[in-house]
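First the proteins, then the strands, lettered A, B, ... as listed; each starts at 1. Computed from a predicted model, the values in this text were never measured in an experiment. Note: hydrogens, waters and symmetry copies are ignored here, and every other heavy atom, side chains too, is used.
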Amino acid sequence: MTPELWKRIEELYFDVSERPESEWAAALESADPLLRAEVEKLLREDGAAPALFAGAVRQVARSATASKEGRRIGSYRLERELGRGGMGTVYLAYRDDDQFKKQVALKLLRQGLEDQMSLARFRAERQFLALLDHPGIARLLDGGATEDGLPYLVMEYVDGSPLGEYAAREKLGTAARLRLFLRVCDAVQYAHRNLIVHRDLKPANILVPARGEPKLLDPSRSPVTVVETSTGWHMMTPDYASPEQVRGEPITVVSDVYSLGAVLYESLTGHRPHELKSHDPLEVAESVCRKETRPPSHHLPELRGDLDTIVLKAMHKDPARRYDSVDRLADDIRRHLDGRPVLARPDTIAYRLGKFVRRNWLGVAAAAVFVTGLAASTAVAVHQARVARAQLDNVRKLAGELLYRVNREIVVLPGAIPARQAIVATSIQYLDEAAKTSGGDPKLVVELAMMYETSGNLYGGAGTANLGKPKEAMETYGKAIAMCEEFRRRHGTDYSVLRAHGLLHTRRAALRSRMGDVEGAIAGFKASKDLLEDASRIGEAPVKELHELYGFLGAAEVRAGRPKQAIASFEKTIELAKRWAAIDRDPKSERSVAASYAKMGSAQRASGGFAAALASLDKAMDGTRKLIAAEPENARLKRDLAIELVDVGLALGAADEPSLGRYRDAVPKFDEAIAAIEAAARDSKDARGAETLAEFLLIRSRTLVETDPARAAAEYTRAEQLIAGLPEAARASVFLRNAPLDIGYGRALLDAKAGRPADAEARLERLISSRAPDGGAEEAVARAWTALSVLRAAAGKSGPAREAAGRAVAILQPLAAAKPESDAIRQALERAREAGR
Amino acid sequence: MAEPQDVTVLLHKWSQGDQEALGILTPIVYRELHRIASGYLSRENASHTLQPTALINEAYMRLARQDGFDWKNRAQFYGIAANHMRQILVDHARRKLARKRGSGAKAVALDAAMEIGSAPDELVVALDDALREFAAIDELKARLIELRYFGGLTLEEVSDVLGIAVNTARKYERLAHAWLGQYLRAPA
């Protein structure tokens with residue numbers, strides 16, 4: 001259309017439209033037919049458009065403002081929105097100061113929720129996430145607050161497809177789908193062990209990246225959503241929500257079991273279990289809580305049998321009839337995959353009978369007598385089963401209480417610790433109650449023992465995040481051990497009880513070792529070994545437990561100053577880790593192999609076997625590098641690698657300890673380690689990162705004193721500045737308190753090398769007198785005395801030189817007696833004695 | 001950064017027909033709008049949802065000296081801001097659509113947009129395309145729509161900016177709506 005034509009249309013339009021509508025036809029009659037058609041179209045417009053446009057512009061304006069895309073938060077730049085949840089919005093972001101532009105998921109608390117309550121919940125979520133470290137769970141990388149005080153979390157970004165989509169695209173068969181699902185189970189079970197219920201398991205929350213290891217997103221939504229759901233059910237995803245969730249009842253681990261069942265259902269069949277047509281509350285309640293779920297074989301007949309049974313047991317409407325843990329569900333799937341009989345039984349008659357029994361068990365027992373002719377035994381069996389069931393129910397209630405209260409209390413408290421304490425204390429009360437009547441049911445004993453174990457770990461388990469209450473932890477492990485002993489005395493050996501019993505001894509001994517009772521610990525590990533070996537004789541060897549045991553034992557032996565025994569233990573743990581990795585292709589087992597090699601390398605270095613140490617450390621680094629390639633986001637792995645590199649450097653050229661004396665080869669290893677620890681520290685804002693960096697800088701500087709004095713001096717200054725910049729609290733650690741001693745000693749050596757022996761002497765004297773009296777650095781002080789002795793002797797002051805050497809010997813002699821196998825101390829003592837002559 | 005007073009002076013000069021003043025004024029206004037918009041973005045608050053009008057108003061309040069308040073200046077200022085706001089919002093909507101479809105967004109027919117009911121992004125992009133088409137044959141009325149929707153101006157203000165009577169503006173708007181309606185309803 002041309003502007004001229006439009007002008008004529010416009011004239012005609014106004015001419016006509018300003019008349020009453022009844023005259024329009026007549027007015028148009030005489031017009032040019034070409035214009036007439038156009039004007040008629042315009043006149044027919046009803047004016048619906050303006051309101052629509054105004055509304056649309058407003059909505060886009062709102063969305064443009066709400067969107068934070070392109071904004072910078074902390075050191076992250078937001079790229080685009082990934083999704084919105086109950087508490088906030090998740091963005092794809094990347095580190096702005098990073099040349100690699102690493103992608104992360106950044107979750108920002110929703111605006112308008114910045115009241116105290118929400119902030120507390122958000123922080124609780126952060127604490128929870130920080131406790132989770134599992135390859136199947138998206139990792140927490142960082143956290144902070146925006147300039148306006150809104151908290152945010154930075155999590156690993158998972159670029160993958162939802163479980164079902166992935167399975168369909170890769171055209172996975174049923175077995176492959178099941179194996180993928182087992183990975184998911186493992187991650188959920190891990191969260192459960194840490195007292196976290198996911199609450200919103202669904203295919204969209206389980207992403208499978210191209211590499212094929214599924215990852216769970218946001219497992220700790222639970223502390224957030226529990227409270228929110230009490231005000232309405234719309235926070236959940238009805239297709240995967242359990243009946244108790246739909247009814248607004250307490251959520252426990254078995255609610256996650258249900259959701260996993262629903263996920264498995266969809267993963268196997270491609271159909272959602274209820275095929276809800278709407279999210280109308282009535283329809284949802286009807287389908288989820290009442291209507292019988294159609295078995296998976298309804299969609300795919302080949303699933304008839306085990307898989308129908310497994311899925312329907314996981315999705316049972318009665319929580320008490322489901323698998324009572326994710327492990328049990330996973331076990332049954334494994335049985336199915338291995339062609340062993342599954343433990344789940346189809347519901348139908350047995351279940352109905354069971355229900356009936358519970359209501360009228362006397363009558364039924366009588367009928368049973370009549371029908372089966374197995375009079376007494378049947379009645380007794382029914383009775384016992386009933387007692388056992390009541391116990392199990394109790395325990396299950398405990399689990400529910402535990403988990404539910406964690407979730408509930410945690411969100412209202414600023415710190416999670418008081419709540420966790422309350423939970424552990426309550427759980428132990430319940431456990432004590434249940435343990436009194438555990439009787440001869442090994443299943444129940446094991447279940448209780450594992451719950452004691454969890455409680456003990458929470459109180460003060462070695463190597464797990466805990467409440468810092470080792471005494472209570474010890475007591476809790478002790479109760480479970482006593483229960484297992486009692487069972488053994490009354491009912492003899494049972495494979496799974498032995499296994500649990502052994503594991504509990506390992507836990508208690510590891511804690512003893514950490515508390516300094518190394519000999520007590522070693523005795524405990526021995527008890528554990530006996531029990532686990534007994535178990536191996538009557539069943540499958542408990543490879544995982546044995547592996548763990550020998551790892552702890554080796555570490556205790558290193559502490560006890562017995563590196564040779566430690567090496568033997570580490571050899572066993574490596575062998576077991578490999579067996580474990582062969583049985584269970586779990587990345588954790590691969591990490592264990594690498595970690596065991598690293599520990600062994602350390603022990604070998606300590607006993608003077610440098611070549612062997614280098615070989616072990618090579619294997620450790622190989623493994624760690626492979627793990628890093630698979631998980632480039634993982635800061636802990638980078639830290640592991642850095643520590644391994646430092647051990648290599650120390651074996652090559654530690655200046656004050658026994659080493660190969662290859663200082664020039666050692667420096668590049670230290671360089672590499674420092675680069676790795678810097679990379680790891682960038683990824684996590686852990687204060688420990690800075691401390692480790694300072695430690696590594698000092699180690700490298702000491703070797704540089706031998707090879708490159710100028711650089712050593714500069715490095716000491718750098719380390720000093722780094723330490724000065726650390727927060728007060730961090731500087732209280734043993735290492736940092738004694739760092740000035742190391743630095744001063746290094747500088748004294750530099751003075752001496754530069755031909756300023758008097759300066760060196762003065763510096764060492766100052767150092768020794770300024771040292772804090774609370775100890776922790778005896779070896780370093782002895783080293784300083786030895787050096788002082790050498791300097792004094794060179795200056796011709798033989799009396800003071802002998803005195804200094806005597807001080808060094810006095811410090812080192814008791815140390816050498818306590819750790820007869822330590823080459824480092826022996827060598828220091830020799831040097832001191834030599835200086836004295 | 002220009003002083004508020006400069007803006008008032010520039011607006012005045014522009015209203016006197018000084019096109020150079022407009023050239024200086026435009027980037028100042030754009031910058032200020034951006035500044036305010038990002039301020040909103042950082043302390044965005046549920047109760048403070050941004051409306052185009054509110055944003056432009058705030059920019060004007062900051063830039064123009066309040067005691068030298070001049071109705072005509074304000075309307076003109078809004079004229080510049082409306083165009084900029086259109087660009088911001090249309091860009092935003094296009095980006096969102098492109099992400100959704102994995103390709104460039106295409107205009108949808110109005111009927112489809114109405115049926116979906118919740119397709120503001122599509123609608124805004126469609127409006128932008130239509131206005132461009134409309135401006136080719138009737139620049140004045142296209143500008144009128146821009147001022148009304150993206151600038152949030154009242155008919156009185158629009159008539160001031162465009163230098164036409166209010167009644168005329170109302171008449172023009174009716175026609176512009178009719179044109180947009182039939183244009184967007186027509187099969188692409």
| note | CD1 of B/Ile137 to CD1 of A/Ile9, rounded to nearest 0.5 Å, is 7.0 Å

| message | Can you tell me how far apart CH2 (A/Trp6) and CG (B/Leu175) are? Round to the nearest 0.5 Å. | response | 4.0 Å

| note | Bottom line for B/Ala136: the part with an atom under 4.5 Å from chain A's heavy atoms is backbone

| note | Rounding to 0.5 Å, atoms CE (A/Met1) and CH2 (B/Trp179) come to a distance of 8.0 Å

| field | Neighbours of chain B found in residues 15-36 of chain A - heavy atoms under 4.5 Å | value | A/Ser17, A/Glu18

| said: With side-chain contact (heavy atoms from CB on, under 4.5 Å) as the criterion, how do A/Tyr13 and B/Arg174 come out once you've worked through the C-alpha distance, each side chain's angles and the decisive distance to 0.1 Å? | reply: CA-CA 10 Å; A/Tyr13 173 84; B/Arg174 186 155 42 89; 3.7 Å; yes

| request: Output the distance between atom CD (A/Glu10) and atom OH (B/Tyr172), rounded to the nearest 0.5 Å. | output: 5.5 Å

| task | Please report the closest heavy-atom contact between B/Gln182 and A/Glu45, naming both atoms and the distance. | result | N-OE2, 3.2 Å

